[in-house]
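Here is the structure we will look at.
Reminder, nothing fancy here: chain letters follow the sequence lines and each chain counts from 1.
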2 protein chains.
Amino acid sequence: MTRRPAWREVHDEALRRIQSREWTPGALIPGEAALADELGHARATVNRALRELAEAGLLERRRKAGTRVALAPQRRARLSIPLIREEVEARGARHAHGLLSRRSAPMPEPVRLALGLAPDTPTERVETLHLADGRPYAHELRWVNLAAVPGFAEAPLDTISANEWLVRHAPFDRGTLDYAAAGADAGLAGLLGCAEGAPLMVLERATHGPAAPVTWVRLSYAPGFRLHMDI
Amino acid sequence: MTRRPAWREVHDEALRRIQSREWTPGALIPGEAALADELGHARATVNRALRELAEAGLLERRRKAGTRVALAPQRRARLSIPLIREEVEARGARHAHGLLSRRSAPMPEPVRLALGLAPDTPTERVETLHLADGRPYAHELRWVNLAAVPGFAEAPLDTISANEWLVRHAPFDRGTLDYAAAGADAGLAGLLGCAEGAPLMVLERATHGPAAPVTWVRLSYAPGFRLHMDI
DNA sequence: AATTATTTGTGCGTATGTATC
DNA sequence: GGATACATACGCACAAATAAT
């Protein structure tokens, strides 16, 4: 029996008042102390509930000014970024990957600048094809900063994908993520089994570790890919 | 003087230990009580810090089992979903919109099913073109469940976009969001000023209010659109 | 421009609940 | 069942920010 936490009661009651327009957008709601008194809970409990609602974007809180219902409730979706293998397996398919090429190579200028690396940094270029149930799922083109991940040169990328190896061995803390639509060029069309020019979802990700930039990757998904989120 | 909250000290120290591999992935970390003692804080303070790290996906906590460093630190990006107007203005452009068409019409079957509505629900179909600095930015095709939003039939959609009107007048609480790549058909190509078949980012969103489904919308962005996130 | 009052933010000590080993 | 570790809750206190004076 999982009991319903008290702060959730407060949370839900506040949410109800927001959605029922009992508290209208932009309006000042009662203070924590008043709510605690009214709902019969400690102020800390009310605080926890209102803090969650503020993090969700439904309330705006400022000291002394009080708590207001957000005017334009900015919804934030939480997009979790799984390993490709898990992404594939979550769709009920079997994942496999093939290492297409792997070599020392300097980054192209735009990639180097996106990561903020010096011109002569030694980097490795890796190209991988990911399969779901034997069919092409996504093409991965990746550059790795060898200085940031010393062991990478010896990583057995035929057994474990670069993606997965890096997640396990290179601690990272921030980065950027971009999704865009692009037409398949001849090479991609051949690898992914689609027509040249077919619209593809493309993910570009730059990853930085606590000390140095780690990797840059472009994933081109086979046609049919959808990025799905619940709000 | 903005003081650094104590729970942040604990948070950062724990993060440091994770990133420095002092606490290795999968390993059990000391209990709350031990950490509180070691770092000189109350257990509640440590709890707050570890809770944040768990929400960020870096730790996994289970009663009695203790707290472990996540094996594959699932990073979660927070994608905020702004009004199109704000999205355009954030890029430093001026937003305008043109109402292309508006009429009562039944939803196509797939849309109706995605929203979970009965066959004869009265709905309105709205088509809008969004402009950034006078150039096409996105095409919007929308169906609205009139039963859920009674006032919508009278909304002045030439002055305020349907998007914005609904955010202000129709409280919603959950929904789904899908991004995909699609080729421009002849109609879209004309409206967005691109070649037929050009790869476009397409957003499909289903929105439910607390009581009933509210709206379904497909946004087709003009070429060049990128969905950007920081992790 | 300085002061005060108010409201949220944080922190502690303690107690109890709950899941799970 | 018992023990353990996290989860929640309360009451109190003080800090920080800032609207109001």
Does A:Arg63 make a side-chain donor-acceptor contact with the base of C:dT7, cut-off 3.5 Å?
no

Can you run down the side chain to side chain donor-acceptor pair (under 3.5 Å) pairs that involve residues 207-217 of chain B, sequence neighbours left out, and say none if there aren't any?
B:Arg142-B:Thr215

Could you tell me the separation between the [atom1] atom of [X] and the [atom2] atom of [N], rounded to a whole number of Å?
{"X": "B:Trp7", "N": "C:dT8", "atom1": "CH2", "atom2": "C1'", "value": "15 Å"}
{"X": "B:Glu55", "N": "D:dC6", "atom1": "CD", "atom2": "P", "value": "16 Å"}
{"X": "A:Glu32", "N": "C:dT10", "atom1": "CD", "atom2": "C1'", "value": "11 Å"}
{"X": "B:Glu60", "N": "C:dT20", "atom1": "CD", "atom2": "P", "value": "14 Å"}
{"X": "B:Arg61", "N": "D:dT8", "atom1": "CZ", "atom2": "C1'", "value": "12 Å"}
{"X": "A:Leu50", "N": "C:dT7", "atom1": "CG", "atom2": "P", "value": "14 Å"}
{"X": "A:Arg48", "N": "D:dG11", "atom1": "CZ", "atom2": "C1'", "value": "18 Å"}
{"X": "A:Arg4", "N": "C:dA19", "atom1": "CZ", "atom2": "P", "value": "14 Å"}

Considering just the side-chain nitrogens and oxygens of [X], establish if one lies under 4.0 Å of OP1 or OP2 belonging to [N].
{"X": "B:Arg51", "N": "D:dA7", "result": "no"}
{"X": "A:Arg62", "N": "D:dA19", "result": "yes"}
{"X": "A:Asn47", "N": "C:dT8", "result": "no"}
{"X": "B:Thr67", "N": "D:dA5", "result": "no"}

5'-most contact on DNA chain D (nearest-nucleotide basis), B:Arg43 vs A:Thr45, goes to B:Arg43

Using the closest heavy atom to pick a nucleotide of DNA chain D for each, name whichever of B:Ile29 or A:Val46 lands nearer the 5' end.
B:Ile29

Is a side-chain donor-acceptor pair under 3.5 Å present for A:His95 with A:Glu87?
no

Give a yes or no on whether a salt bridge exists between B:Arg16 and B:Asp12, defined as a side-chain N under 4.0 angstrom from a carboxylate O.
no

Of A:Arg61, A:Arg63, A:Arg48, which is the lone residue that meets salt bridge (Lys or Arg N to Asp or Glu O under 4.0 Å) with A:Glu32?
A:Arg61

Nearest-0.5 Å distance that lies between atom CD in B:Glu127 and atom CD in B:Glu140:
10.0 Å

Of A:Ala44 and A:Lys64, whose nearest nucleotide on DNA chain C comes first from the 5' end?
A:Lys64

